[in-house]
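To keep things clear, I will list the structure first and then write my remarks on it.
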Number of protein chains: 2
Amino acid sequence: MANRYREHVQVDVHEQVADRLGGAGQRYTAARRALVDRLRDAGQPMTLPELLDGAALAQSSAYRNLALLEQVGAVHRIVTSADHARYELAEDLTEHHHHLICTSCGHVEDFTVSPALERRLHEAVEEVQGGTGFSAAHHRLDLIGTCRACG
Amino acid sequence: MANRYREHVQVDVHEQVADRLGGAGQRYTAARRALVDRLRDAGQPMTLPELLDGAALAQSSAYRNLALLEQVGAVHRIVTSADHARYELAEDLTEHHHHLICTSCGHVEDFTVSPALERRLHEAVEEVQGGTGFSAAHHRLDLIGTCRACG
DNA sequence: CTTCCTGCAAAAGTTTTGCATTAAC
DNA sequence: GTTAATGCAAAACTTTTGCAGGAAG
């Protein structure tokens, strides 16, 4: 089970997003709410075509809204080698996690690691920062391979 | 120092690449050798414009050669949020390492972590594989933030 | 009634592909 | 001689942008 460490701290996602948009002088429109709902319901990073499928929203609006949501820290954009980028809710609206990336079908799945390893990672990050002058906003641990369906 | 754990096991890169190309019925031309030389000399992942700068090679040939080199496992392509993808020699021609990715200028720098942490990472990978049916070819640990020059 | 949002269409920009020519084995 | 590699130009494709009309506060 990849999610055994998941804590399920539930925050009010919509309220959070509305706040962050409001702080930037932007509105939480129905289209934006729908995007957030889809992202939350999916529980997995989604491509733009997936987000758009069956939704009454222009492609350009979707891109614009997702870019805005990323700017205000509500959404995170993941680029892989696959055709489309993928979008997910920001970690502080869900929780810290990592990705299994299938090189065959492009599918991205979440997983979490033990708090102990996460702590070690964090220590390593600190260590590297000290030595290089690099200031890390966050880290990213991904597994690259093939998913069950493709394997 | 980010590279304190580096082992400097030197393999004959050109011989390795020639072998892998040969195995696929492809030739190790001067243009390909030049790309490999640049990648090795840089010691950092490079964009296509960087690789092409001052080189007598058509853009399309560069893309084609890099794609081929990636297919035969000699080169690794890294995609970030920046405009261009970056290319580096495959890890088995250099060594296992990780990346500091600057979100401001797009620069990518290498770093290594202690063998102990690397071992822990490997264990975590095994653990996740068992639980999910995902088959991981490799893992990726990146730090995302701002580099010394941009910070 | 001013500011932001949306849709459509066009543009931008990286990467890929077709095709004729040249080079490698 | 056959097969692969190159350069040029054009295409493909995701993502971005301009602009005019609509919606929201």
Side-chain angles (χ1 to χ4, degrees), chain A residues 14 17-38 45-72 74-88 103 105-106 108, chain B residues 14 17-38 45-72 74-88 103 105-106 108:
Chain A
H14 286 307
V17 176
D19 275 4
R20 296 178 197 192
L21 283 172
Q26 309 289 344
R27 298 164 187 159
Y28 198 24
T29 63
R32 291 172 187 171
R33 181 178 291 264
L35 284 173
V36 168
D37 271 331
R38 286 209 169 199
M46 298 180 79
T47 64
L48 192 112
E50 285 167 4
L51 282 167
L52 230 43
D53 183 61
L57 185 63
Q59 196 185 47
S60 60
S61 297
Y63 274 117
R64 265 193 280 239
N65 285 334
L66 289 166
L68 173 63
L69 287 167
E70 192 184 26
Q71 274 172 46
V72 302
V75 159
H76 183 214
R77 183 178 191 256
I78 303 163
V79 301
T80 66
S81 293
D83 287 351
H84 294 84
R86 284 176 183 269
Y87 300 85
E88 67 182 0
T103 51
C105 68
V108 177
Chain B
H14 286 308
V17 175
D19 274 5
R20 295 178 197 192
L21 283 172
Q26 311 288 344
R27 299 163 187 163
Y28 198 22
T29 63
R32 289 171 189 173
R33 180 178 291 264
L35 284 173
V36 169
D37 271 331
R38 287 209 170 202
M46 298 179 78
T47 64
L48 192 111
E50 286 167 2
L51 281 169
L52 231 43
D53 182 60
L57 185 65
Q59 195 186 49
S60 60
S61 298
Y63 273 117
R64 264 193 280 239
N65 285 334
L66 289 166
L68 173 63
L69 287 167
E70 192 183 27
Q71 273 172 48
V72 302
V75 158
H76 182 215
R77 183 177 191 257
I78 304 163
V79 301
T80 66
S81 294
D83 287 351
H84 293 84
R86 286 177 183 266
Y87 300 87
E88 66 182 0
T103 51
C105 68
V108 177

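Below, read A as the first sequence line, B as the second, and so on, with proteins coming before strands; counting in each chain starts at 1.
One cannot find a donor-acceptor pair under 3.5 Å joining the base of D:dT6 and the side-chain atoms of B:Arg64.
Under 4.0 angstrom from either OP1 or OP2 of D:dT16 there lies no side-chain N or O belonging to A:Tyr63.
A:Ala82 comes within 4.0 angstrom of nothing in the nucleic acid, heavy atoms only. Using a 4.0 Å heavy-atom distance criterion, B:Gln59 is classed as a base contact. Across all strands shown, A:Ala85 has heavy atoms under 4.0 Å from sugar-phosphate atoms exclusively, and none from any base. Using a 4.0 Å heavy-atom cutoff across all strands shown, B:Ala56 reaches sugar-phosphate atoms only and no base atom. Backbone-only contact: B:Ala31 has heavy atoms under 4.0 Å from sugar-phosphate atoms and none from a base. Residue B:Leu57 is in sugar-phosphate contact alone, with no base atom involved, counting any heavy-atom pair closer than 4.0 Å across all strands shown.
Between the B:Arg38 side chain and the B:Leu51 main chain, a donor and an acceptor come within less than 3.5 Å of each other. With hydrogens and angles ignored, the 3.5 Å screen pairs no side-chain donor or acceptor of A:Arg77 with any backbone N or O of A:Ala67.
Toward the 5′ end of DNA chain C lies the nearest nucleotide of B:His84, the other residue of the pair B:Ser61 and B:His84 mapping further downstream. Checking B:Arg77 against B:Arg27, the closest nucleotide of DNA chain C that is more toward the 5' end is the one next to B:Arg77.
Residue A:Ala82 comes nearest to A:Gly106 through the heavy atom pair CB-CA, 4.2 Å, listed as atom of the first residue, atom of the second, then distance. Contact between A:Asp37 and A:His14 at its shortest, heavy atoms only, is OD1-NE2, 2.8 Å. Minimum heavy-atom separation, B:Ala58 to B:Leu52: O-CD1, 4.4 Å.
Summarising the geometry, the separation between CZ on A:Arg33 and P on C:dC4 is reported as 20 Å, rounded to the nearest angstrom. Atom OH in A:Tyr28 sits about 12 Å away from atom P in C:dT6, given to the nearest Å. One interatomic measurement links the two molecules: CG of A:Leu21 to P of D:dG25, which rounds to 12 Å at whole-angstrom precision. With rounding to whole Å, B:Leu66 atom CG is found 11 Å from D:dT6 atom P. One atom, CG of B:Leu35, and another, P of D:dA5, lie 13 Å apart when rounded to the nearest Å. In this structure, A:Ile78 atom CD1 and D:dT14 atom C1' are separated by 17 Å, rounded to whole Å. Atom CG in B:Leu52 sits roughly 16 Å away from atom C1' in C:dG13 (whole-Å rounding). The nearest whole Å value for the distance from the CG atom in A:Leu68 to the P atom in D:dT15 is 17 Å.
Closest approach to the A:Thr29 side chain among D:dG7, C:dC5, D:dT6 is made by C:dC5 (side chain taken as heavy atoms from C-beta onward). For A:Arg32, counting side-chain heavy atoms from C-beta on, the closest listed nucleotide (C:dC5, D:dT16, D:dA5) is C:dC5. Minimum atom distance to the side chain of A:Ser60 is reached by C:dG7, of the listed C:dC4, D:dA9, C:dG7. Proximity note for B:Ala58 (side chain, C-beta onward) versus C:dT16, D:dT16, D:dG7: the nearest is D:dG7.
A salt bridge is defined here as a Lys NZ or Arg NE, NH1 or NH2 lying under 4.0 Å from an Asp or Glu carboxylate O, and A:Glu50 with A:Arg86 meets this definition.
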